[in-house]
Amino acid sequence: MPELPEVETIARGLDKSVAGDVIESVWIGSKPQPLKSSAKEIARVLEGARINRVKRVGKHIVVDLAPSGEWIVHLGMTGQMLVATPESDLAKHTHLVAKLSSGRELRFIDPRRFGRLSVHKPESAFAAQGGEPLEVSEEEFIKLFKGRKTPIKSALLNQKLLSGVGNIYADESLFRAGVRPRRRASTVTSEQLRKLYKAMRVVLEEAIKAGGSSVSDYVDADGEEGFFQLQHRVYMRTGEPCFTCKTPIKRVVIAGRSSHYCPHCQK
DNA sequence: AGGTTGACCTGGACGC
DNA sequence: TGCGTCCAGGTCAACC
């Protein structure tokens, strides 16, 4: 599922291949749409616009348009943004196709329809979002969890605190920091939080290097899979031996999300 | 007000 | 084979 490293990989790929291109026309599917803005509004903003740049904010892909405007894509769980040739088959669950002046197409595909598309004025979209996990300082990071009764895992997933960490990278960061996911955030010592801060940065950076984790439907803008799933130490390894101590990995549900941890290595 | 839960979705895995 | 059931999880509304 697309979290920060996957979205970063896709945004970089899109920026490389479509920056400078112009959207000539837009087709939007007729089924109940994963849209936040109306189809009309999206088409109005996209058609005729030049793509300045594609970047990532939290788990969102932001397409900077000229003369003005932003097209924001959230991939949900199963969303894909693909650059394709017009003759390649249209995948089932394709919700939007943008024809580019270079002759290629930018396609948004999302089987589960948890994704969301919207258009905004420049720089207006992300007021309520938390900080970027790879940009906040250690002090800011530690402050986020002060006095919170919620499990540390839930706090990591809260996009208003930090935007970009999802279920995979929360579990992997907590394992590397040696902290159990159910620990209340306020009871995690500052020493452990410092460890968690470093672990989160290492995990996210390694995952970006590996092109993300391909579980479920994730592929990058060119349709290529990532490799970080091969480096997961706890995520989806329920019952398998911990790589460090051989204790079977446990799965528990926290805030409705499955959470994986080693009962021996994580306290 | 902060924390928690369920609904939204489809496809794939599994049991009988 | 086919049917039913469960599970995956990001986000948001509704609830406590």
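In what follows, every chain begins at residue 1, and chains take the letters A, B, ... in the order their sequences are listed.
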| message | Quick check on B:dT4: is either OP1 or OP2 less than 4.0 Å from any side-chain nitrogen or oxygen of A:Thr150? | response | yes

| note | Looking only at B:dT10, C:dG10, B:dG3, the nucleotide nearest the A:Arg113 side chain is B:dT10

| Under the 3.5 Å Watson-Crick or G-U criterion, the dot-bracket string of DNA chain B, with | for inter-strand pairs | .|||||||||||||||

| Under 6.0 Å from the NZ atom of A:Lys146, do we count more than 12 heavy atoms belonging to anything else shown? | no

| task | Share the residues that join A:Phe227 in a hydrophobic cluster, the rule being Ile, Leu, Val, Met, Phe, Trp or Tyr side chains under 4.5 Å apart at the heavy-atom level. | result | A:Leu230

| message | Counting only side-chain heavy atoms from C-beta out, which of B:dG11, B:dG3, C:dT11 sits nearest to A:His93? | response | B:dG11

| request: Look up atom CD in A:Gln80 and atom OH in A:Tyr218, then write down how far apart they are to the nearest 0.5 Å. | output: 10.0 Å

| message | Using a distance-only criterion (donor-acceptor N/O pair, under 3.5 Å, no hydrogens), is the base of C:dG10 paired with the side chain of A:Arg257? | response | yes

| Could you give all pairs that pass the side-chain hydrogen bond (donor to acceptor under 3.5 Å, both in side chains) test and reach residues 199-208 of chain A, with sequence neighbours left out? | A:Tyr197-A:Arg201

| said: Rounded to whole Å, please give me the gap between CD in A:Gln80 and P in B:dG11. | reply: 13 Å

| field | Per A:Arg251 side chain, nearest of listed nucleotides B:dT4, C:dC7, C:dG10 | value | C:dC7

| For the side chain of A:Arg148, counting heavy atoms from C-beta on, which of C:dT11, C:dA8, B:dG3 is nearest? | B:dG3

| note | Per atom distances to the A:Gln159 side chain, the nearest of C:dT11, B:dT4, C:dA8 is C:dT11

| Name the one of A:Val188, A:Val234, A:Val179, A:Val203 that satisfies side chain to side chain contact (heavy atoms under 4.5 Å, CB included) with A:Leu174? | A:Val179

| query | A:Ile254 has an atom CD1; how far is it from atom P of C:dG10, in whole Å? | reply | 14 Å

| task | Run the salt-bridge test on A:Lys55 and A:Asp64 with the 4.0 Å N-O cut-off and return the result as yes or no. | result | yes

| request: State whether A:Lys92 places a side-chain N or O below 4.0 Å from either non-bridging phosphate oxygen (OP1 or OP2) of B:dG11. | output: yes

| A:Ser137-A:Glu140 side chain donor-acceptor pair, cut-off 3.5 Å | yes

| message | Checking contacts here: which listed nucleotide (C:dA8, B:dT5, C:dG10) is nearest the side-chain heavy atoms of A:Ser258? | response | C:dA8

